[in-house]
Structure formats: C-alpha cells, structure tokens
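To start, the structure under review is shown below, and the notes come after it.
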Amino acid sequence: MEELEPALYIVPTPIGNLEDITFRAVRILKSARIICAEDTRHSRPLLEHLGVSSPVLESFHDHNETEKAARIITWIQEGKSVALISDAGTPLISDPGYHLVVACVAAGIRVVPLPGPCAVITALEAAGFPTDRFCFEGFLPVKEKALYDRLESLRHETRTMVFYETPRRMPETAKALARVFGDREIAVGREMTKTFETFYRTTCEKLAEALAQDPGSVKGEMVAVLYPWRESSQESGLSAEALKLLKLLMTELPVKKAARIVSEIHGCSKNEVYREALTLEKEKPDF
Ligand code: SAM
C-alpha cells in the first residue's frame with residue numbers, strides 16, 4: 001500500500017451512480033491510514049465496492065466535528081494520513097468538514113482537496129441557465145420569516161442561483177419561490193446520476209401549482225436552479241413563454257429573425273424583443 005504524506009485529504013464520493021469516482025479518490029481511500037465518514041454504516045458498502053479493504057473508519061459528523069477535529073489534527077501530526085468523506089458528494093458542501101479544515105489550516109496542516117461529484121455543479125450542467133456566474137445558496141431557512149427574508153434578498157440577484165432542498169420541504173419552498181419570483185424560470189434536477197434522473201424546467205408559479213395539487217409526487221433528492229434577475233426582462237415584461245421561445249430560436253436563427261418571430265407569435269413589440277435578445281447574446285459565456 002502506498003504511504004501517503006500526512007495530511008487531510010478531502011475526498012468526494014458519488015451522489016448516486018457508483019461509477020462517479022475518480023481513480024485518484026480510490027487510490028487515496030485505499031492508502032489513507034484513517035477514513036473519517038459522516039455515517040460509517042452508510043459508507044462501508046461504498047468502500048467495499050471500491051475495494052478498500054478493512055479501512056480504519058472514524059465517525060465525523062455535525063455533532064462531533066469540533067471535538068473530533070482536535071483528535072484528527074493529533075493523528076496527522078503523528079504522521080498519519082486522514083481522508084474525509086461525506087455520505088455523498090463533496091465534503092463541506094452542505095456537509096461537515098468546514099471547521100476541521102479551518103482547524104487544520106490554523107495548525108499548519110496540509111489540506112489536499114480532490115475534485116469530484118457535487119450536486120450543485122451536476123444540476124448546473126443540465127439546467128440550461130447561465131453558468132458563467134452562479135451562486136450556491138445551500139438549504140433555504142425552514143422558518144417562514146427567515147425563508148421569505150432570504151428569498152427577498154435574492155430578488156435582484158444577477159447570478160444563477162442553486163438551492164438544495166428535501167422532498168418534504170419542496171412544496172413549501174416552491175410556494176415561497178412563486179410568491180417572490182413569480183413566473184421566473186426554474187429547473188429542478190431530481191435523483192441526478194441515478195436510474196430515475198429527471199429534470200423539470202418550468203416557472204416558479206407552475207412548479208408551486210403542480211406541487212400544491214400533488215405534494216406526494218415529490219420524491220427523491222433534488223436541486224433547484226433559479227434563473228438570474230435581468231433588469232431588461234423585468235422592465236420589458238416579456239412573458240416566460242416568449243422568453244423561452246426566444247432562447248430556443250436564438251440557438252438556430254440570427255437574433256433579428258428570432259426576435260421578429262417571437263414578436264409575431266406573442267404580439268409584443270419587435271424592438272422590445274430585439275433588446276431582450278441582445279441582452280441574452282451578451283449573457284452568453286465567451287467560451
Ligand atoms: N455534499 C453534497 C454535494 O456535494 O452535493 C450535498 C450534501 S446535502 C446534505 C444533500 C442535498 O444535496 C440533497 O438534499 C439534495 O438537495 C442534493 N443532492 C445530493 N445528491 C443528489 C442527487 N443525486 N440528485 C439531486 N440532488 C442531490
């Protein structure tokens with residue numbers, strides 16, 4: 001077995017599909033002297049699947065993070081390599097690990113980050129919304145006032161926004177999103193990388209309506225991606241449908257032609273649609 005340099009290795013693991021792990025992640029997990037896992041019972045089958053034989057597993061979760069960090073630092077200072085994994089995806093991203101990394105940095109211990117699966121990035125890959133600038137908002141607050149305050153603070157956010165949500169909370173969250181963002185476009189990535197992976201692309205209002213009618217229909221893990229605020233579209237009042245058609249046509253036609261077709265179909269001003277189209281052109285990433 002390879003002797004790893006004593007350090008803290010942050011190792012992302014699959015968010016569903018067991019093939020989604022890097023060669024390097026497997027090598028580090030096989031070589032680390034200690035693997036710290038959020039839920040050791042949950043991680044054992046994955047490690048077995050990866051061929052990590054008889055790992056030294058230590059539990060590391062929200063409730064023991066501070067106390068455990070001091071012990072982990074001692075292990076690394078004694079010359080041991082420690083890998084940190086979470087139940088799924090990248091540690092520290094709405095998962096434990098932040099306080100440990102802060103403590104390691106303060107103690108002068110090397111922190112080795114590995115790239116890998118993360119639901120934020122996976123959802124952005126397929127949402128079809130601008131990816132040149134985005135912000136991750138994690139889980140929204142549960143309490144009503146805090147939830148609305150947070151959403152209000154994001155009303156004029158010009159970056160694409162990514163939220164984590166649980167199926168149980170999703171109908172309430174969709175209702176709040178509809179109240180604050182109206183017919184703003186939203187994409188929901190559900191069970192990504194798994195057998196029943198689905199992407200819904202709709203508006204906040206339609207999402208809230210659908211979930212209000214059938215709250216039980218929301219199952220599985222999900223990420224919501226919200227279209228950024230754009231001054232031009234808010235002022236022009238271009239409907240979500242018109243905007244959607246414009247975007248679609250712009251993938252195939254010159255800007256002017258796309259704008260003319262949209263204005264004819266939706267009965268809105270050609271100049272207004274053209275201005276919108278130019279804004280969309282500008283928002284396209286340069287690469
Ligand atoms: N650290 C993880 C990561 O890197 O994405 C996230 C952990 S957080 C506790 C769990 C949340 O991530 C879920 O509630 C859901 O919002 C999102 N998530 C994780 N796996 C997912 C998947 N396969 N499909 C959709 N969302 C997922």
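No experiment lies behind these values; they were computed from the predicted model shown. Remember, it's 1-based here, ligands and their atoms both numbered in the order they're listed.
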**Request:** Output the distance between atom CG (Leu249) and atom NZ (Lys244), rounded to the nearest 0.5 Å.
**Result:** 12.5 Å

**Item:** Nearest-0.5 Å distance that lies between atom CG in Leu280 and atom CG in Leu243
**Value:**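 Atom-to-atom, Leu280:CG and Leu243:CG are 6.0 Å apart.
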
Proximity of [X] to ligand 1 by residue part, where a heavy atom lies under 4.0 Å:
| X | result |
| --- | --- |
| Ala88 | backbone |
| Lys194 | side chain |
| Asp95 | side chain |

Distance under 4.0 Å to a non-hydrogen atom of [X]: what atoms of ligand 1 satisfy this?
| X | result |
| --- | --- |
| Gly189 | 25 (C) |
| Glu191 | 24 (N), 25 (C) |
| Gly89 | 3 (C), 4 (O) |
| Ile93 | 1 (N), 2 (C), 6 (C), 7 (C) |
| Glu165 | 14 (O), 16 (O) |

**Prompt:** Does Phe139 come within less than 4.0 Å of ligand 1, judged by its heavy atoms?
**Reply:** yes

Looking only at protein heavy atoms, identify the closest one to [atom] and say how far it is in Å.
| atom | answer |
| --- | --- |
| atom 18 (N) of ligand 1 | Ala119 CB, 3.5 Å |
| atom 25 (C) of ligand 1 | Glu221 O, 3.3 Å |
| atom 24 (N) of ligand 1 | Met192 N, 2.9 Å |
| atom 3 (C) of ligand 1 | Tyr164 OH, 3.4 Å |
| atom 15 (C) of ligand 1 | Met222 O, 3.3 Å |
| atom 4 (O) of ligand 1 | Thr90 N, 2.8 Å |

**Request:** Tell me which one of Ser94, Pro167, Pro91 gets a heavy atom nearest to atom 8 (S) of ligand 1.
**Result:**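 Of the listed residues, Ser94 has the closest heavy atom.
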
**Complete:** For Cys268 and Val273, the nearest pair of non-hydrogen atoms, with its separation, is SG-CG2, 3.7 Å

**Asked** Taking all non-hydrogen atoms of both residues, which atom of Val111 and which atom of Pro113 are closest, and how far apart?
**Response**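 In this case the closest contact between Val111 and Pro113 is O-CD, 3.4 Å.
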
**Asked** Would one find an N or O of Cys118, backbone or side chain, under 3.5 Å from an N or O of ligand 1?
**Response**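 No, there is no polar N/O contact under 3.5 Å.
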
**Request:** Report the C-alpha distance between Val56 and Arg33 in whole Å, list the side-chain angles of each, state the deciding distance to 0.1 Å, and finish with yes or no for side-chain contact (heavy atoms from CB on, under 4.5 Å).
**Result:** CA-CA 7 Å; Val56 177; Arg33 292 276 289 276; over 6 Å; no

**Request:** Please determine, by modelled atom types, if Asn17 and Thr193 share a side-chain donor-acceptor pair under 3.5 angstrom.
**Result:**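 Asn17 vs Thr193: no donor-acceptor pair found between side chains.
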
